[in-house]
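Below is one structure; the comments refer to it alone.
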2 protein chains.
Amino acid sequence: MATTSGPPTRHPTGATIYSVAERAGVSIASVSRVLQGSQAVSEKTRTRVLQAAEELRYVPLAAARSLAVRQHEAHGLVLPELSGPYYSELLMGFESRAAELGQSVVLMLAQGKQDVPRAVRRLATRVDGIAMLGSSAIPDETVTALGGSKPVVLIAGDETPAADTVRAENSSSAREVTAHVIDHGRTRLLFAGDPSAGPDIRDRYAGFVAAHEEAGRKALPPVPVALREDDGTALADRLLSGELDADALVCANDELALAVMVRLREGGLVVPDDVAVVGWDDVMTARYVVPGLTTVRQPVRELGARAADLLHERITGSAVPRSAQVIPTHLVIRSSCGCAPAPPTLPAPRARPRRTQPDSPSPRTRRKRETR
Amino acid sequence: MATTSGPPTRHPTGATIYSVAERAGVSIASVSRVLQGSQAVSEKTRTRVLQAAEELRYVPLAAARSLAVRQHEAHGLVLPELSGPYYSELLMGFESRAAELGQSVVLMLAQGKQDVPRAVRRLATRVDGIAMLGSSAIPDETVTALGGSKPVVLIAGDETPAADTVRAENSSSAREVTAHVIDHGRTRLLFAGDPSAGPDIRDRYAGFVAAHEEAGRKALPPVPVALREDDGTALADRLLSGELDADALVCANDELALAVMVRLREGGLVVPDDVAVVGWDDVMTARYVVPGLTTVRQPVRELGARAADLLHERITGSAVPRSAQVIPTHLVIRSSCGCAPAPPTLPAPRARPRRTQPDSPSPRTRRKRETR
DNA sequence: CTGTTAGCGCCTTCAT
DNA sequence: ATGAAGGCGCTAACAG
């Protein structure tokens, strides 16, 4: 640990609007006006103020402004954690939109906090409203209590009268992947994921069941596992040992699906021939693994943006009706489902960073064939 | 887009310390005392205050407190964006540590902002100090100006008298991977990455050069490409077309390395036989791809935590000396470097979420053999 | 142990 | 176009 010493650089007790006013030879009102651009000011005082502020390295104190305008101009966001692309994308969408709305974002991660409700209350202290993931392990009562004092939007959470809600479409895409797998002739499908873990997975299982009904069959009960790699490995082991039997697995997310695929292969089974596997999220690895993982892509960025929007509407708009918005998803077909792998086409380089783009207005699932 | 209407739920102009005091029949000072636990209070008034606060759904106004205590009790963090595991891990480490220190974190993503310096100034307005990624596209002058008014810590950035600095070890691990590849008998090594893009990559290339010198050879000049999948695909194409020649590639990150591997395979070359490939970061895909990608893992979480720590020290401690901290890394050897793939050992399920753990004190690179 | 009272820095009428 | 002055909600002496 190298340590280069240097001048202890004082961080001066910042200049205030008063010192700026004084130096510029005007009143604080004028300073405020030019800095906020809230009212016409003569060109002369304008430049003098600007220069004084510059020279003094004036940094306004948001706290003082907030107190005066009675607005924090900040949105709170509560996420469980940040591993995997899901939360990151959500956060990017949220931050981006919030910034466009002139709002700062104060982030809180629930994982690791010993007293989450307390942390949330503390957060509520410095923001105008809070968006949180439904599965952030926040007690319902905390949410309700919060909803009573500040606007709250739940992302992928259960509908509640205390908050607005945004979520991605789940059941119909689940129905679609499941039907797709059934079309491949599979008959013993298993759903991996715990429907009681939240509305997302619950709805996915519902779609799984619906697809079976449409095919005149009966869906097997869900295999309630968590969604991490370990759980996938363990699940595969249960398949390999014969404890579980299936010729197709509909996994509630990609991490799970990928871990299952790898372990099955290690155990001597081949995907998709012996057992087809599909997932959810379309993580980067889904494209790299062989065979490519068929999965459902959610417009997570868009989801985050909508959350920020809704929050803002609720904060500013006086009496918007409670809304539960649903955002459409894509089915991404590769070959782990049983489809023949696309020939190596040496495709053009992948598109650059995907900006959030307006999705088709209908919440219907879209479909897309991809190489590899 | 379903819209369930409901009661327009008023968000009352929150209760204040005055209303609570009144309802509890005490002075505002007492309310403050019990809520802050700053001073002894009789059990009687204590409970009365607590109850009044509860009934009124009292949510203190951080802005008012901040103004009074002259502290935001919040750390700012500026990141370029959030794709890939690097930034997320960093953010998790930062948030976690900041929370332990009782600081909120205000996040700003540079990507997509049209006026980043402005956004940073705005951020500076509501936090006690700012940590930012060296490569966040923040003009040097902005950093210096900021450093003049608030504590700033640069993460993986160039050392500057205006800020503290934290970074992961780079050159010696680069020297080590490079030497490892040379030991495999490779002679035409290429470094993929742009050393001018920042100190991280610059140091990695320096290590690459050092390893060559130690082996009594001369390193080829770097191939200055960016670090995304596209760039990797394009790079592989240059190899396939013969424009570039190499039997080993040291890539500045995994995204690049993985894209290269896939494209090379599509083009008929085999990794590592025809060309060895190593990367940096140890992303999830590195374990899933075949052959497993040999790479350098950085304790990114720890990096974020250190940044939060340093920032806090600088904010509270009166005159800490400027420091440039370096955090050690791991070399993770799989088989893309030419090592024989480990036999499928059906290993025990992977360890659960890795909490930040104390690293060995020495900044020396550690080494580790992994299956697959 | 409790109440009173100055500010904290900025915004915003209200006059001028 | 500009200045004066009150107030935003909370903390922290300072008296009692």
Side-chain angles (χ1 to χ4, degrees), chain A residues 12-50 52-53 56-74 102 121-122 124-128 149-150, chain B residues 12-50 52-53 56-74 102 121-122 124-128 149-150:
Chain A
T13 319
T16 72
I17 199 173
Y18 290 101
S19 48
V20 174
E22 185 177 6
R23 187 182 244 278
V26 300
S27 75
I28 62 166
S30 291
V31 176
S32 176
R33 293 196 259 254
V34 348
L35 264 31
Q36 297 301 324
S38 52
Q39 214 177 111
V41 182
S42 78
E43 190 50 35
K44 179 158 142 270
T45 65
R46 166 181 197 66
T47 55
R48 303 188 50 169
V49 166
L50 256 21
L56 263 34
R57 292 184 175 306
Y58 174 56
V59 178
L61 212 59
R65 174 183 166 83
S66 295
L67 187 54
V69 302
R70 300 147 137 293
Q71 280 263 273
H72 293 285
E73 305 181 294
R121 282 197 300 274
R122 188 172 184 286
T125 252
R126 48 170 62 253
V127 298
D128 299 317
S149 53
K150 300 235 167 179
Chain B
T13 317
T16 72
I17 199 173
Y18 289 100
S19 48
V20 174
E22 184 176 9
R23 188 182 228 316
V26 300
S27 75
I28 61 169
S30 292
V31 176
S32 176
R33 293 197 260 255
V34 347
L35 264 31
Q36 297 300 323
S38 50
Q39 215 177 112
V41 182
S42 78
E43 190 51 35
K44 178 157 143 272
T45 65
R46 167 180 197 66
T47 55
R48 301 188 52 171
V49 167
L50 255 21
L56 262 35
R57 290 184 178 303
Y58 173 57
V59 178
L61 210 58
R65 174 183 165 83
S66 295
L67 187 55
V69 302
R70 301 151 134 289
Q71 280 262 273
H72 294 284
E73 305 182 288
R121 282 197 300 273
R122 189 170 184 286
T125 252
R126 50 171 61 251
V127 298
D128 300 316
S149 52
K150 301 234 167 178

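In the text below, chain A, chain B and the rest are named by the order of the sequence lines, each starting its count at 1. These numbers come from the heavy atoms of this one structure, side chains and all, not from hydrogens, waters or symmetry mates.
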> Below 4.5 Å, heavy atoms only, C-beta onward: do Arg126(B) and Glu73(A) meet side chain to side chain?
Replying inline: yes
> Would you say Thr125(A) and Arg121(A) make side-chain contact, with heavy atoms under 4.5 Å?
Replying inline: no
> Roughly how far apart are Glu22(A) CD and Ile17(A) CD1, rounded to 0.5 Å?
Replying inline: 13.0 Å
>> To the nearest 0.5 Å, what is the distance between CG on Leu61(A) and OG on Ser66(B)?
In response: 8.0 Å
>> Nearest whole Å is fine: how far is dG9(C) C1' from Gln36(A) CD?
In response: 12 Å
> Rounded to the nearest 0.5 Å, how far apart are OH of Tyr18(A) and OG1 of Thr16(A)?
Replying inline: 7.5 Å
> When you check every protein heavy atom under 4.0 Å of nucleotides 1-8 of chain D, what one-letter string (B, S, -) results, 5' to 3'?
Replying inline: SBBBB--B
> Rounded to whole angstrom units, what separation is found between the NE2 atom of His72(A) and the P atom of dC10(C)?
Replying inline: 17 Å
> Can you check the Leu35(B) CG to dT11(D) C1' distance for me, whole Å?
Replying inline: 12 Å
>> Angle between the two end axes of the helix from dC1(C)-dG16(D) to dT16(C)-dA1(D), five base pairs per end, rounded to 10 degrees?
In response: 30°
>> Rounding to an integer number of Å, can you tell me how far Arg126(A) CZ sits from dC10(D) P?
In response: 14 Å
> Is the backbone N or O of His72(B) less than 3.5 Å from a side-chain atom of Asp128(B), with the two atoms forming a donor-acceptor pair by type?
Replying inline: yes
>> Using whole Å, what does the distance between atom C1' of nucleotide dG9(D) and atom CZ of Arg65(A) come to?
In response: 17 Å
>> Going by side-chain contact (heavy atoms from CB on, under 4.5 Å), name the residues that satisfy it together with Thr47(A), two or more places apart in sequence or in a different chain.
In response: Glu43(A)
> Quick one: does Arg48(B)'s side chain get under 4.5 Å of Val26(B)'s, heavy atoms only?
Replying inline: no
